[in-house]
Amino acid sequence: MNKEKYDHSKIEKKWQDVWKKAQIFKTKFGNNGKNFYCLDMFPYPSGQGLHVGHPRGYTATDVYARYMRMKGFCVLHPMGWDAFGLPAENYAIRNKIHPSLAVRQNIQKFKKQISSFGFSYDWSREINTTDPDYYKWTQWIFLKLFKRGLAYESDAPINWCPSCKTGLANEEVVNGKCERCGKQTESKKIRQWILKITQYADQLLKGLDDLDWPESIKTMQRNWIGKSEGATIKFQIINNKLQNSNKYIEVFTTRADTLYGCTYLVVAPEYFISNLKAQIDALTASKPKSQFIFENLTEIERYCAIATKQLNIDKQHFDKNKTGVEIKGIKAINPINQKEIPIFVSDYVLNEYGTGAIMAVPAHDARDFEFAKKYNLPVIDVIQNDDTGILPFLGEGKIKNSNEFNEFSSNLGAKQIILKLKKQGLAQKHIQYKLRDWIFSRQRYWGEPIPVIHCPKCGVVPVPEKDLPVLLPSVKSYEPIGTGESPLANIREWVNTKCPSCSGDAQRETNTMPQWAGSCWYYLAYLAKNNSKFEILNSKLFNNWLPVNLYVGGAEHAVLHLLYVRFWHKVLFDEKIVGSKEPFQKLINVGMIVAPNGQKMSKSRGNVISPDDLIKKYGADSLRLTELFIGPFSQSIQWNKNGIIGMRKFLERIISLKSKISPKSNQKIENGLNKMLVKVDKDIKSFQFNTAISAMMIFVNLSIKEKSISKGQYKKLLAVLSPFAPHITQELWSKLGKNNFICQQAYPSYKHQKKEQIINIPVQINGKLRGEIKININDKKEFIIECAKNNPKIKLWVNGKIIKTIYIPLKIINFVVK
RNA sequence: GCCCAGAUGGCGGAAUGGUAUACGCGCAACACUUAAAAUGUUGUCCCGUUUACGGGAUGAGGGUUCGACUCCCUCUCUGGGCACCA
């Protein structure tokens with residue numbers, strides 16, 4: 001056999017150059033009809049370069065983008081670089097090069113690697129979040145947030161990473177450790193910029209319902225937002241020295257139905273210090289009163305000091321015995337039955353959630369139960385528990401031991417109890433979220449400067465829009481200083497400026513934005529990019545292209561990027577900059593590819609498999625197929641070094657199939673082709689690329705076996721394969737004498753398959769396969785059943801009587817026999 | 001502890017409640033070759049007779065059904081997320 005040599009390197013380079021020159025992937029804007037926005041999560045260009053896991057998602061979106069173009073859509077498929085943030089800065093520090101230089105080098109490397117796959121990106125829309133023309137608009141959006149009161153300064157304690165020397169958002173702390181470097185975070189009080197994402201909590205929650213996203217991601221966001229509906233209830237504090245003080249402790253509860261079971265209150269240590277004690281002290285201006293009220297103040301204060309100093313990590317040991325101290329000298333009154341109950345301070349109550357104080361119902365809460373056992377506190381069972389009677393019982397049920405509320409359901413009882421107390425001004429319905437505001441400032445160099453100026457006379461003054469961008473100054477020393485201030489604070493000539501309002505001496509904000517800022521609007525930037533500038537106010541453009549039709553990326557951003565970006569988008573909707581309420585209509589997660597030993601690929605582990613070597617040896621087309629054939633797209637999977645060999649062989653078989661083109665074809669091949677076209681079409685739509693590729697293989701195997709395929713059939717094969725393997729299909733296409741681009745052809749049509757007249761259907765006895773009969777599809781049911789009964793193999797099994805006959809037309813026959 | 005996925009040959013996996021193991025890798029035999037590689041052909045879930053056939057098997061156990069990898073219940077294990085959120 002005279003086999004053609006498959007010189008993939010030559011072929012791939014040739015066509016990549018031709019495509020680039022012809023600009024065939026440049027999106028033609030202005031077409032208001034069938035637009036399709038196909039978006040990848042843009043990468044952070046690390047110094048390590050790509051490993052084989054990164055291009056899995058990019059390959060899938062490229063197949064999809066090419067498929068949609070062939071279906072007649074005007075497709076926007078862009079790529080860019082998320083280059084601000086800690087990793088870029090840490091890389092620069094480690095390698096002793098300036099971040100701006102490191103980023104430039106890394107982008108170059110990434111772009112070269114990504115380009116070698118032959119992805120159909122519109123590179124004229126490439127963006128880089130560290131480009132001043134880009135971050136000008138990141139700052140501009142920040143000012144919109146500021147002017148809407150959604151950005152504020154605070155001195156409240158935050159998560160601090162002692163290694164990265166910066167504050168972190170709650171979303172960036174994983175198990176009490178810094179998401180980036182793995183060091184334990186501390187609680188530190190420094191001035192911070194905070195975004196009021198909680199104001200959008202309900203919208204962020206409700207918006208999820210209409211999104212075509214994986215249920216798991218939606219669930220994660222719902223849990224993170226953590227909506228709880230309940231009530232706040234006021235407990236009066238009493239003390240014989242405090243006459244009619246009208247001091248209350250307010251608690252939040254979702255189980256007002258258990259109020260009769262409340263036998264004590266617990267407050268968080270922080271709550272005691274800054275609320276309870278502070279209130280008492282404030283009663284008389286002259287001298288602190290608290291030591292006269294609290295009989296064991298020293299003991300309480302000692303406990304609070306230890307508890308508040310503890311690192312987050314220590315608070316997470318659940319099995320750790322609960323600790324606490326009774327606040328002696330005061331009692332609380334349970335408002336529903338006027339009983340006097342003790343008050344404790346304990347660190348099992350979180351100051352940041354609810355009111356910082358709880359009503360403890362040991363019979364119906366595991367934590368309260370544990371605490372009550374330890375300190376011998378009464379346990380009053382107020383919910384009927386039909387099953388076991390074991391306490392604590394956490395479920396709902398009929399109320400008991402609760403006077404007029406007995407026999408009520410939990411639901412109704414809670415409502416009635418709240419209603420009764422509300423009339424006395426002691427309760428209020430309340431919705432509580434777990435979501436906290438977004439700690440938005442970082443004490444680091446490599447980020448967008450926050451565009452505000454601090455003026456001793458005018459306070460915080462936003463930088464006027466005309467002065468944007470506030471350029472990140474170019475400096476030699478950019479290492480974090482760890483004082484709670486950004487390294488920018490040391491650059492006097494940059495910090496000192498004039499107040500835009502009063503023209504007096506003023507100082508620039510020295511904190512920078514977190515790495516998530518730039519990615520909060522980049523999908524708009526691709527649209528807004530015009531030459532090197534951005535037209536972010538072009539709402540018509542946005543309306544034509546938003547929301548993004550398809551967004552593909554890893555699941556690790558579930559509560560970080562994917563929550564933040566939705567928040568910004570909703571603010572921009574309120575600003576009437578975008579017309580859609582959500583940024584991404586459909587989201588698909590790409591599964592991670594791990595090393596053959598099951599570990600995550602990383603340079604430090606030395607198990608990185610680079611796409612460069614594979615492309616060199618087998619070609620980009622083979623690697624593209626491997627990325628998709630390896631397994632179900634959203635499932636994470638171990639890399640198998642032999643997988644690519646099969647893909648290479650498949651492409652070689654397609655090349656050799658060309659020599660088998662003959663003028664005549666047969667019906668078998670035509671049927672096979674139709675079946676394949678239907679399957680591939682359906683599978684691409686549902687992101688089942690592995691079975692789409694397998695369907696093409698089955699057809700190729702059939703064609704080789706039958707030794708005859710017509711030119712028309714071969715062309716259709718090349719066309720459906722072209723989104724997966726664009727280079728070799730283009731090469732073969734041109735070898736057939738075509739001088740146009742295969743990727744610009746219409747997607748191959750398929751006839752609705754002519755049903756075969758004679759088919760085999762299986763025959764079962766009692767659900768077990770016992771034989772097969774040939775039938776004509778026009779045969780009558782009775783005739784078919786008769787045929788089956790008379791089949792010699794079946795006869796052997798039908799000794800007794802046939803009790804029942806099940807016939808599913810053209811599918812299966814099942815005889816039920818005694 | 002709670003929430004969400006998942007468990008099918010030696011490996012990755014396929015299967016609208018209707019012939020389980022498609023497709024690929026690996027392995028074996030044969031052909032071509034002086035030889036090897038490449039390629040091609042055939043075979044490849046397990047057990048028994050080795051053509052035909054019969055029995056068993058989709059993490060374990062139960063259930064619904066004429067029929068279950070698929071639906072329901074219980075359990076085991078694996079991966080991911082949350083984590084004293086009242």
Side-chain angles (χ1 to χ4, degrees), chain A residues 1 3 174-176 214-224 226-228 230 251-255 258 266 268 315-320 322 346-350 352-361 364-368 370-371 394 432-436 555-556 558-559 589 591-592 594 596 598 625-626 629-632 634-647 649-650 652-653 656 688 690-698 700-701 704 760-772 793 796 802-808 811-817:
Chain A
M1 193 176 86
K3 220 177 122 239
V174 179
N175 290 331
E215 249 349 279
S216 58
I217 300 284
K218 291 210 249 182
T219 305
M220 269 193 243
Q221 290 212 353
R222 285 190 186 109
N223 291 342
W224 192 262
K227 181 177 182 175
S228 293
V251 304
F252 170 70
T253 180
T254 55
R255 292 295 302 271
T258 62
V266 191
K315 287 197 174 184
Q316 295 192 353
H317 285 198
F318 291 60
D319 32 318
K320 187 188 77 169
K322 293 196 173 16
S346 169
D347 65 357
Y348 88 85
V349 172
L350 302 176
E352 307 84 51
Y353 184 80
T355 60
I358 62 150
M359 59 178 235
V361 184
H364 306 292
D365 182 282
R367 298 151 299 183
D368 298 341
E370 191 191 325
F371 192 82
L394 309 181
Q432 178 69 39
Y433 296 93
K434 285 190 205 168
L435 185 70
R436 314 264 168 85
E556 66 273 19
V559 291
N589 286 134
M592 200 173 29
V594 297
L625 284 168
T626 310
F629 188 70
I630 193 165
S634 294
Q635 185 179 306
S636 85
I637 215 156
Q638 289 183 15
W639 185 259
N640 174 338
K641 69 176 169 47
N642 287 323
I644 196 166
I645 294 171
M647 301 304 111
K649 282 187 194 167
F650 169 56
E652 284 172 354
R653 285 205 299 279
S656 70
Q688 290 169 294
N690 53 336
T691 50
I693 293 167
S694 125
M696 290 187 275
M697 287 171 168
I698 291 169
V700 170
N701 292 348
I704 289 172
N760 289 331
I761 64 164
V763 182
Q764 296 180 332
I765 307 286
N766 293 341
K768 270 200 193 321
L769 179 71
R770 295 302 182 191
E772 214 176 56
K793 272 189 195 165
L796 288 174
I802 294 177
I803 304 168
K804 197 171 175 182
T805 302
I806 291 107
Y807 173 60
I808 310 295
K811 271 263 162 82
I812 202 165
I813 297 174
N814 189 15
F815 294 120
V816 184
V817 180

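As the structure is a prediction and not an experimental result, all values here were calculated from the model. Letters go in sequence order (proteins before strands), and every chain restarts at 1.
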Contact under 4.0 Å: Tyr353(A) side-chain N or O vs rA86(B) OP1/OP2: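 True: Tyr353(A) side-chain N/O within range (under 4.0 Å) of rA86(B) OP1/OP2.
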
With sequence neighbours left out, write down each residue that passes salt bridge (charged side-chain N to carboxylate O under 4.0 Å, His left out) with Arg222(A), or none if nothing qualifies.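 With sequence neighbours excluded, Arg222(A) shows a salt bridge (charged side-chain N to carboxylate O under 4.0 Å, His left out) to Asp209(A), Glu215(A), given in chain and number order.
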
Under the rule for salt bridge (charged side-chain N to carboxylate O under 4.0 Å, His left out), what residues qualify as partners of Asp365(A), not counting sequence neighbours?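 By the salt bridge (charged side-chain N to carboxylate O under 4.0 Å, His left out) rule, Asp365(A) matches Arg367(A).
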
Partners meeting ring pair (Phe, Tyr, Trp, His ring centres under 6.0 Å) with Phe815(A) (sequence neighbours left out):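 With neighbours one apart ignored, the set is empty.
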
Please name all residues satisfying ring pair (Phe, Tyr, Trp, His ring centres under 6.0 Å) with Tyr807(A), sequence neighbours left out, ordered by chain then number.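 Applying ring pair (Phe, Tyr, Trp, His ring centres under 6.0 Å) to Tyr807(A) gives none.
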
Under 3.5 Å donor-acceptor pair, Lys768(A) side-chain atoms to rU19(B) base atoms: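 Per atom types, no contact qualifies.
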
Lys434(A) (side chain) and rC82(B) (base): donor-acceptor pair under 3.5 Å: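 Between rC82(B) and Lys434(A), which were checked side chain against base, a qualifying N/O pair under 3.5 Å is absent.
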
Considering residues at least two apart in sequence or located in another chain, which fulfil the side-chain hydrogen bond (donor to acceptor under 3.5 Å, both in side chains) criterion with [X]?
X: Trp224(A); result: Glu171(A)
X: Tyr433(A); result: Asp202(A)
X: Gln764(A); result: none
X: Arg436(A); result: none

Each nucleotide N or O in nucleotides 43-52 of chain B that has a protein N or O under 3.5 Å away: list the pair and distance.
none

Taking only nitrogen or oxygen atoms into account, show me every contact under 3.5 Å that the protein makes with nucleotides 62-68 of chain B, one pair per line with its distance.
{"unit_1": "rC66(B)", "atom_1": "OP1", "unit_2": "Lys804(A)", "atom_2": "NZ", "d": "3.4"}
{"unit_1": "rC66(B)", "atom_1": "O2'", "unit_2": "Asn814(A)", "atom_2": "ND2", "d": "3.3"}
{"unit_1": "rC66(B)", "atom_1": "O2", "unit_2": "Asn814(A)", "atom_2": "ND2", "d": "2.5"}

Wobble G-U and Watson-Crick pairs count when both distances are under 3.5 Å; given that, what is the 5' to 3' dot-bracket string of RNA chain B, with | for pairing to other strands? (((((((..(((.....[....)))((((((.......))))))((((....))))..(((((..]....))))))))))))....

For nucleotides 23-32 of chain B, give me every protein contact, N/O to N/O, under 3.5 Å, one pair per line with atom names.
{"unit_1": "rG24(B)", "atom_1": "OP1", "unit_2": "Asn701(A)", "atom_2": "ND2", "d": "3.1"}

